[in-house]
Amino acid sequence: MSKVILGKTGIISDKNGFGALPMQRVSEEQAGVLLKKAYDNGITFFDTARAYSDSEKKIGLHLSDVRHNITITTKTAAKTADDFWKDLHTSLATLTTDYIDVYQFHTPPFCPKPGDESGLYDAMLEAKRQGKIRFIGITNHSIFVAEEAVLSGLYDTLQFPFSYLSTERERTLVRLCKDKNVGFIGMKALCGGLITNSAAAYAYLNQSDFDNVLPIWGIQRENELGEFLGYRQNPPTLTKDLLNVIEKDKAELAGNFCRGCGYCMPTCPAKIQINNCARMIQLIRRSPSAQWLTPDFQRVMQNIANCTECGICRTKCPYDIDTPTLLKENLEDYNAILSGKTVI
Ligand code: SF4
Ligand code: SF4
């Protein structure tokens, strides 16, 4: 089973981190089953965020008795130092702990630095001085902010999307982290659900080139947890079959495709569900299609017609996607599927 050293933090983890975002979608009881089963089977790295509703609370509830055996990373999306302290104190209370191992800025649109106007980085330093956090991290979807953070020397860890669909520039970012001894926490290794072969995803990240990458798997169900626990014991390797899966996915998802991150959504004046609608055809083709063709989802899709082409979403997309065009294309293809002109 593979281990990862998380850069200059020196934290050693099994190459299976637990991404606890989905804990907000399950009951307290089910969260307990999943978190305890993960811990009992050797997973010791748990990543959450203040923004994931009660995910922190569930970790505190079910893992506080083993707190000193695990690594907890959480995040603040605070924009001011005052809010930073409010978030930190809330996280410590809900996680029922007196320290956070890695406290991360949650996808800020810029790279916080000491002495800047926001006061955020100075607050981080003070929190570290007080022993409330051990290490300073940043998460991002923008390659520009990520590169700046790594090169700044100010961060112990970077959390960034990484999968076999990543670009060469993103692979270079992973190597840069290794050179600079910045821990790399890989999110979205299944690319928000577009990668459906978890063995291929795992085998790709388990290559020696990416031995500094600690993937966190967003786990919501016991069968998903079982898959990754199985890979701990018997790690899949890049067989010819899995390489074929990867090549096929790369061909199908080449170019600009929506990763479903949702960063463009809150400001859409037409309230379009962009994170699903802009990749609807891929979701239909790559997962059980019926769930996307319900009357409810048909209404969600038809709302694309209300797009005013204001372009706000385009400016928010970290992948430079021409979102309004992609939405229109998806609506046309969706309607063709509904009318039977296109067969899935
Ligand atoms: S261009 Fe359309 S989808 Fe994008 S923010 Fe404006 S109304 Fe919403
Ligand atoms: S269009 Fe861009 S910002 Fe919006 S959900 Fe897709 S990838 Fe994310």
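Model, not experiment: these values are computed from the prediction. The chain is numbered in sequence order, starting from 1. Just so you know, ligand 1 is whichever comes first in the structure, and atom 1 is the first atom listed for that ligand.
Between atom CD of residue Q159 and atom CD1 of residue I216 there is a gap of 4.0 Å, rounded to the nearest 0.5 Å. Note: I195 CD1 to I246 CD1 = 8.0 Å, rounded to the nearest 0.5 Å.
Shown in contact with E309 at under 4.0 Å from a heavy atom are these atoms of ligand 1, numbered in order with element: 1 (S), 2 (Fe). The distance from ligand 1 to the heavy atoms of C268 drops below 4.0 Å at these ligand atoms: 3 (S), 5 (S), 7 (S), 8 (Fe). Close contacts between ligand 1 and P324 involve ligand atoms 1 (S) [criterion: under 4.0 Å to a heavy atom]. Under a 4.0 Å criterion applied to the non-hydrogen atoms of I272, ligand 1 contributes the atoms 3 (S).
Contact check on E227 versus R232 returns no salt bridge, with no Lys/Arg side-chain nitrogen under 4.0 Å from an Asp/Glu carboxylate oxygen.
The protein heavy atom nearest to atom 2 (Fe) of ligand 1 is C307 SG, 2.4 Å. Protein heavy atom at the shortest distance from atom 6 (Fe) of ligand 1 is C310 SG, 2.3 Å. Annotation: atom 1 (S) of ligand 1 to nearest protein heavy atom, G311 N, 3.2 Å. The protein non-hydrogen atom at the shortest distance from atom 3 (S) of ligand 1 is L327 CD1, 3.5 Å.
Under the 30°/60° scheme for interplanar angles, the aromatic rings of Y155 and Y121 are found to stand perpendicular.
Using a 3.5 Å distance cut-off with no hydrogens or angles, the side chains of S91 and E56 do pair a donor with an acceptor.
By the 6.0 Å and 45° rule, R50 does not stack over the aromatic ring of Y52.
Near-neighbour remark for atom 4 (Fe) of ligand 2: protein N, O or S atoms under 2.8 Å are C264 SG; waters not counted.
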Distance-only donor-acceptor pairs under 3.5 Å for side chains of residues 136-144, two or more places apart:
unit_1	atom_1	unit_2	atom_2	d
T139	OG1	F105	O	3.4
T139	OG1	T107	N	2.9
N140	OD1	S142	N	3.1
N140	ND2	P108	O	2.9
H141	ND1	Y319	OH	3.4
H141	NE2	Y263	OH	3.2
S142	OG	F144	N	3.2
S142	OG	V145	N	3.2

If you look only at distance, which donor and acceptor atoms sit under 3.5 Å apart when one is on a side chain in residues 306-314 and the other is two or more places apart or in another chain?
unit_1	atom_1	unit_2	atom_2	d
N306	ND2	N303	OD1	2.6
T308	OG1	C310	N	3.4
E309	OE2	K328	NZ	2.4
R314	NE	D322	OD1	3.1
R314	NH2	D322	OD1	3.3

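Around CD1 of I5, the count of heavy atoms belonging to other residues, nucleotides or ligands within 6.0 Å does not exceed 12.
A search for side chain to side chain donor-acceptor pair (under 3.5 Å) contacts involving T97 returns R67, not counting sequence neighbours.
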